[in-house]
Amino acid sequence: MANLLVTGGAGFIGSNFVHHVVAHTDHHVTVLDALTYAGNRASLDGLPDDRVRLIVGNITDAPLVDELFAGADAVIHYAAESHNDNSLHNPRPFLDTNIVGTYTLLEAARRHDTRLHHISTDEVYGDLELDDPERFTEQTPYNPSSPYSSTKAGSDLLVRAWVRSFGVRATISNCSNNYGPYQHIEKFIPRQITNVIRGVRPRLYGAGENVRDWIHADDHSSAVLTILERGEIGETYLIGADGERNNKDVVELILSLMGQPTDAYDHVTDRAGHDLRYAIDSTKLRTELGWLPSYGDFETGLAATIDWYRENEEWWAPAKDATEAFYAAKGQ
Ligand code: NAD
Ligand code: DAU
């Protein structure tokens with residue numbers, strides 16, 4: 001049994017990880033989360049008080065971070081500004097949280113010699129052509145496109161430097177696009193599901209040919225636990241579940257699963273600098289650490305996700321109007 005500190009544990013993937021840890025281990029979890037617009041304490045509802053506690057605070061608050069590291073056996077760092085569209089509108093919070101926040105945690109890890117796992121994204125590698133037979137591997141050079149992905153790339157490089165220069169015991173994982181419960185409705189899949197629930201047509205950026213490599217958030221969690229338990233210090237692991245689909249196919253599948261005509265969506269203004277395709281080769285994680293995804297079938301996982309948004313309207317409804325007003329102002 002260990003005491004885990006999970007930054008960003010009230011966000012989408014962090015809260016899925018906390019639920020996964022409670023269900024599959026006997027670890028205790030302290031969540032450190034600033035509860036920004038993207039954090040929601042309700043995402044931790046139903047978890048046992050004697051296993052999980054939430055500390056509302058900022059990862060750039062060095063004294064608080066120091067105090068929490070003192071009681072942690074390992075830290076899993078999910079906290080971030082995570083949305084590309086927001087980073088195009090106002091990049092500053094991305095620099096503060098993703099760069100300075102990660103630096104603050106690294107300094108605490110160095111002081112306390114704490115095991116740290118840093119959560120990152122496949123977007124640090126830039127994008128691929130649609131017909132490129134290659135996928136991203138741990139050897140792909142960094143080439144981020146957006147303010148969001150460039151700050152995530154910067155944070156990864158800080159982690160690597162603190163491992164090499166100061167002997168910090170850290171690992172890094174770069175995962176592809178997640179879907180599942182508790183995802184903020186600004187993101188593609190829950191935005192379209194909640195639009196359809198509200199009787200609004202889904203919105204596809206540009207032609208919708210962009211490809212994302214979808215993985216269920218629970219599979220991301222099992223991969224992170226595997227790396228925490230068996231990963232080699234200083235190593236990077238790519239996480240993916242062979243889930244490539246273009247956005248048009250995803251919107252049409254959502255419409256079909258929700259009983260709507262599959263052409264009942266609108267094309268809207270494209271994202272500036274929109275990455276074309278992401279694709280992950282997760283051979284290293286599978287062969288060296290023996291990890292495998294459990295959600296083989298995207299359609300089944302998506303249907304369960306649609307059910308979750310139908311059954312949990314009180315979780316997402318408070319954010320819907322403001323989210324759509326932000327997009328409407330940009331013609332999206
Ligand atoms: P999210 O936006 O849903 O959640 C982020 C959480 O971090 C929120 O709870 C927020 O309140 C908290 N937070 C933000 N700034 C903070 C700060 N300064 N101090 C403390 N807490 C703060 O994000 P997500 O989609 O769950 O992503 C989590 C992590 O996974 C991020 O590091 C992201 O880069 C990475 N990632 C996401 C995906 C994806 O598909 N969403 C894929 C790969 C990697
Ligand atoms: O690849 C991992 C990344 O996946 C993570 O690092 C990010 O934190 C996460 O937000 C996600 O980034 P994307 O930009 O790929 O996700 P998003 O949900 O914003 O968009 C997915 C695709 O859908 C993308 O090609 C843009 C498109 N899109 C998005 C929205 C919100 C639309 O066509 N319409 C929309 O309304």
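What's counted below: heavy atoms across the whole structure, side chains too, no hydrogens, waters or symmetry copies. Ligands are counted one by one from 1 in listed order, and the atoms in each one are counted from 1 as well.
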Could you tell me, for ligand 2, which of its N or O atoms are under 3.5 Å from any protein N or O, listing the pairs and their distances rounded to 0.1 Å?
unit_1: ligand 2; atom_1: 1 (O); unit_2: Asp122; atom_2: OD1; d: 2.5
unit_1: ligand 2; atom_1: 1 (O); unit_2: Asn177; atom_2: OD1; d: 2.7
unit_1: ligand 2; atom_1: 4 (O); unit_2: Asn177; atom_2: OD1; d: 3.4
unit_1: ligand 2; atom_1: 4 (O); unit_2: Asn177; atom_2: ND2; d: 3.1
unit_1: ligand 2; atom_1: 6 (O); unit_2: Thr121; atom_2: OG1; d: 2.7
unit_1: ligand 2; atom_1: 6 (O); unit_2: Tyr148; atom_2: OH; d: 2.6
unit_1: ligand 2; atom_1: 8 (O); unit_2: Ser82; atom_2: O; d: 2.8
unit_1: ligand 2; atom_1: 8 (O); unit_2: Tyr148; atom_2: OH; d: 3.0
unit_1: ligand 2; atom_1: 10 (O); unit_2: Ser82; atom_2: O; d: 3.3
unit_1: ligand 2; atom_1: 12 (O); unit_2: Glu123; atom_2: OE2; d: 2.9
unit_1: ligand 2; atom_1: 14 (O); unit_2: Asn84; atom_2: ND2; d: 2.9
unit_1: ligand 2; atom_1: 14 (O); unit_2: Arg271; atom_2: NH1; d: 2.6
unit_1: ligand 2; atom_1: 14 (O); unit_2: Arg271; atom_2: NH2; d: 3.4
unit_1: ligand 2; atom_1: 15 (O); unit_2: Asn177; atom_2: ND2; d: 2.9
unit_1: ligand 2; atom_1: 15 (O); unit_2: Arg212; atom_2: NE; d: 2.7
unit_1: ligand 2; atom_1: 18 (O); unit_2: Phe188; atom_2: N; d: 2.9
unit_1: ligand 2; atom_1: 19 (O); unit_2: Arg271; atom_2: NH2; d: 2.9
unit_1: ligand 2; atom_1: 23 (O); unit_2: Asn247; atom_2: ND2; d: 3.4
unit_1: ligand 2; atom_1: 25 (O); unit_2: Arg212; atom_2: NH2; d: 3.2
unit_1: ligand 2; atom_1: 25 (O); unit_2: Asn247; atom_2: ND2; d: 2.9
unit_1: ligand 2; atom_1: 25 (O); unit_2: His274; atom_2: NE2; d: 2.7
unit_1: ligand 2; atom_1: 33 (O); unit_2: Tyr205; atom_2: N; d: 2.8
unit_1: ligand 2; atom_1: 34 (N); unit_2: Arg203; atom_2: O; d: 2.9
unit_1: ligand 2; atom_1: 36 (O); unit_2: Arg191; atom_2: NH1; d: 2.8
unit_1: ligand 2; atom_1: 36 (O); unit_2: Gln192; atom_2: NE2; d: 3.1
unit_1: ligand 2; atom_1: 36 (O); unit_2: Arg203; atom_2: O; d: 3.4

| remark: The side chain to side chain donor-acceptor pair (under 3.5 Å) partner of Arg277 among Glu129, Glu209, Glu244 is Glu244
Below 4.0 angstrom, N of the basic side chain to O of the carboxylate: do [X] and [Y] qualify?
X      : Y      : result
Lys284 : Glu235 : yes
Asp122 : Arg135 : no
Arg191 : Asp85  : no

| said: Is it true that Asn98 and Thr151 share a donor-acceptor pair across their side chains at a distance under 3.5 Å? | reply: yes
| Within the protein, residues bringing a heavy atom under 4.0 Å of ligand 1, chain by chain | Gly8, Ala10, Gly11, Phe12, Ile13, Asp33, Ala34, Leu35, Thr36, Ala38, Gly39, Gly57, Asn58, Ile59, Tyr78, Ala79, Ala80, Ser82, Thr97, Ile119, Ser120, Thr121, Tyr148, Lys152, Cys175, Ser176, Asn177, Asn178
| said: For residues Val268 and Val250: do they belong to one hydrophobic cluster (side chain heavy atoms under 4.5 Å, members Ile, Leu, Val, Met, Phe, Trp, Tyr)? | reply: no
| Testing Phe298, Tyr179, Phe12 for ring-ring contact (aromatic ring centres under 6.0 Å, His included) with His216, which one passes? | Tyr179
| request: Kindly say whether the aromatic ring centers of Tyr265 and His267 come within a distance under 6.0 Å. | output: yes
| Got more than 12 heavy atoms from elsewhere within 6.0 Å of NZ, Lys320? | yes
